[in-house]
Amino acid sequence: MIQLLFLVLFAEGAVALLLMVKVGPLRELAMRTVEQVKTGKGPATVKTLACTLSVIFMSSVASILKIQNRGLKLGTVSPMDQVLWRTHLLEASLIGYTLFLAFVIDRLHHYLQKLITLRKTANTSREEVEKLQMENRSFREKEEKSSSEIKKLQQDIAKLTEGMKKMKSESDDNERKALEAEAHVNALQKQSEELLLEYDRLLEDNQILQSQLHYKG
């Protein structure tokens with residue numbers, strides 16, 4: 001029994017060491033081994049062994065206490081009781097260490113699984129952040145390109161506005177010139193009418209003079 005407990009204790013110590021210290025692919029091998037123990041019928045078997053060892057541990061502790069009490073009553077401990085006491089003490093110590101290392105291995109495996117999951121999540125988050133940074137950079141480039149295009153459009157609109165103002169100014173000048181020309185034409189027409197009236201009056205006076213001269217002759 002003691003040799004078997006030493007073998008189990010050494011095996012558990014090796015597994016715990018491999019889980020704590022990364023030595024090439026040995027940690028992954030230890031992780032897979034613990035996972036296999038935790039799957040299928042493994043948990044039930046482990047619980048059964050743990051209960052059995054706990055019972056043996058309690059039995060050994062009870063035997064140690066019984067031997068000590070007998071020694072206190074008798075005032076001396078026989079060589080046989082000393083051998084049994086040491087055997088039970090060694091057995092209880094080995095079982096205690098075995099159960100403790102099993103608990104440590106279980107916790108190490110649990111936290112390493114969480115650590116692996118967190119690393120995968122961190123890598124995924126890092127990739128998403130890099131992707132978002134690239135999208136943000138692309139968006140900024142598009143925004144800068146759009147801004148330059150908007151500035152160019154604003155410049156074109158300013159040029160068109162200036163051209164429209166110039167055309168409006170020329171149109172106003174042409175309209176003013178047309179009004180001046182129309183006024184000048186109206187003035188010429190009025191002057192022509194006055195000249196025609198004056199011409200008619202002169203013709204009438206000429207006819208009167210000719211009639212007077214004809215009458216005197």
Would a hydrophobic clustering, with Ile, Leu, Val, Met, Phe, Trp and Tyr connected at side-chain separations under 4.5 Å, put Ile56 with Val8? no

Within the 4.5 Å heavy-atom criterion, are Leu89 and Ser93 side-chain neighbours or not? yes

Would you say Leu49 ends up clustered with Met58 if hydrophobic residues are merged whenever their side chains have heavy atoms under 4.5 Å apart, either directly or through other cluster members? no

In short, Ile67 meets His88 closest at the heavy-atom pair CD1-CD2, 4.2 Å

Lys177/Asp173 under salt bridge (charged side-chain N to carboxylate O under 4.0 Å, His left out): CA gap, chis, key distance, verdict: CA-CA 6 Å; Lys177 290 178 180 179; Asp173 291 339; over 6 Å; no

Donor-acceptor under 3.5 Å (Asn69 side chain, Leu65 main chain): yes

Looking at Asn174 and Glu170, would you say the former's side chain and the latter's main chain have a donor-acceptor pair under 3.5 Å? yes

Take atom CZ in Arg107; do more than 12 heavy atoms of anything else shown fall under 6.0 Å from it? yes

Is Asn136 reaching over with its side chain to a backbone N or O of Leu132, donor-acceptor style, under 3.5 angstrom? no

Is it true that Lys168 and Asp172 have a side-chain N and a carboxylate O under 4.0 angstrom from each other? no

Nearest non-hydrogen partners of Leu9 and Thr98, listed with the distance: CD1-N, 3.8 Å

Shortest non-hydrogen pair, Glu12 vs Tyr97, comes out as OE1-O, 4.3 Å

What verdict does the side chain to side chain contact (heavy atoms under 4.5 Å, CB included) test give for Arg126 and Asn123, after you've listed the backbone C-alpha separation in whole Å, the side-chain angles of each residue and the deciding distance to 0.1 Å? CA-CA 5 Å; Arg126 191 180 298 112; Asn123 290 331; 2.7 Å; yes

Within one Ile-Leu-Val-Met-Phe-Trp-Tyr cluster: Leu197 and Ile208, side-chain cutoff 4.5 Å: no

Give a yes or no on whether the backbone of Gln207 and the side-chain of Ser211 come within a donor-acceptor separation of less than 3.5 Å. yes

Using the rule given for side chain to side chain contact (heavy atoms under 4.5 Å, CB included), can you reason through Leu84 versus Ser63, listing the C-alpha separation, both sets of side-chain angles and the distance that settles it, and then say yes or no? CA-CA 8 Å; Leu84 291 174; Ser63 298; over 6 Å; no

If I take atom CD from residue Gln133 and atom CD from residue Glu128, how far apart are they, to the nearest 0.5 angstrom? 12.5 Å

Looking at Thr117 and Gln113, would you say the former's side chain and the latter's main chain have a donor-acceptor pair under 3.5 Å? yes

Decide, yes or no, whether a salt bridge links Lys145 with Glu141 under the criterion of side-chain N to carboxylate O below 4.0 Å. no

Taking a hydrophobic cluster as the set of Ile, Leu, Val, Met, Phe, Trp and Tyr residues connected by side-chain heavy atoms closer than 4.5 Å, whether directly or through intermediates, do Leu53 and Phe6 fall within one such cluster? yes

For Gly13 and Leu101 the tightest heavy-atom approach is N-CD1, 3.9 Å

For the atom pair OG1 (Thr33) and CD (Glu28), what is the distance rounded to the nearest 0.5 Å? 11.5 Å

Short question: side chain of Ser147, backbone of Glu143 - any donor-acceptor pair under 3.5 Å? no

Is any side-chain heavy atom of Val21 closer than 4.5 Å to a side-chain heavy atom of Leu26? no

Backbone N or O of Met167 within a donor-acceptor pair of the Ser171 side chain at under 3.5 Å? no

Euclidean distance, Leu203 CG relative to Arg201 CZ, rounded to 0.5 Å: 10.5 Å

So with a 6.0 Å cut-off around CD of Glu204, is the heavy-atom count from everything else above 12? no

Short side-chain to backbone donor-acceptor contact, Ser169 and Lys165, under 3.5 Å: no

Nearest 0.5 Å please: distance from the OG1 atom of Thr121 over to the CD1 atom of Ile116. 11.5 Å

Going from CZ on Arg140 to CD on Glu135, what distance comes out if it is rounded to the nearest 0.5 angstrom? 13.5 Å

Which heavy atom of Ala30 sits nearest a heavy atom of Leu18, and at what distance? CB-CB, 4.1 Å

Take Val61 and Phe57, measure what side chain to side chain contact (heavy atoms under 4.5 Å, CB included) needs, and give me the verdict at the end. CA-CA 6 Å; Val61 171; Phe57 175 78; 3.9 Å; yes

Begin from the C-alpha positions of Asn186 and Lys190 and carry the test side chain to side chain contact (heavy atoms under 4.5 Å, CB included) through to its verdict. CA-CA 6 Å; Asn186 292 331; Lys190 187 176 180 181; over 6 Å; no

Approximate separation, where rounding is to 0.5 Å, of Phe139 CZ and Lys142 NZ: 9.0 Å

Chi angles and distances behind the salt bridge (charged side-chain N to carboxylate O under 4.0 Å, His left out) call for Lys131, Glu127: CA-CA 6 Å; Lys131 185 178 179 181; Glu127 291 176 357; over 6 Å; no

Verify the neighbour count for atom CZ of Arg176: are there more than 12 heavy atoms of other residues, nucleotides or ligands below 6.0 Å? yes

Glu182 side chain near Leu179 side chain, heavy-atom distance below 4.5 Å: yes

Hey, quick one: are Phe100 and Leu7 part of the same hydrophobic cluster, counting side-chain heavy atoms closer than 4.5 Å, chains of contacts allowed? no

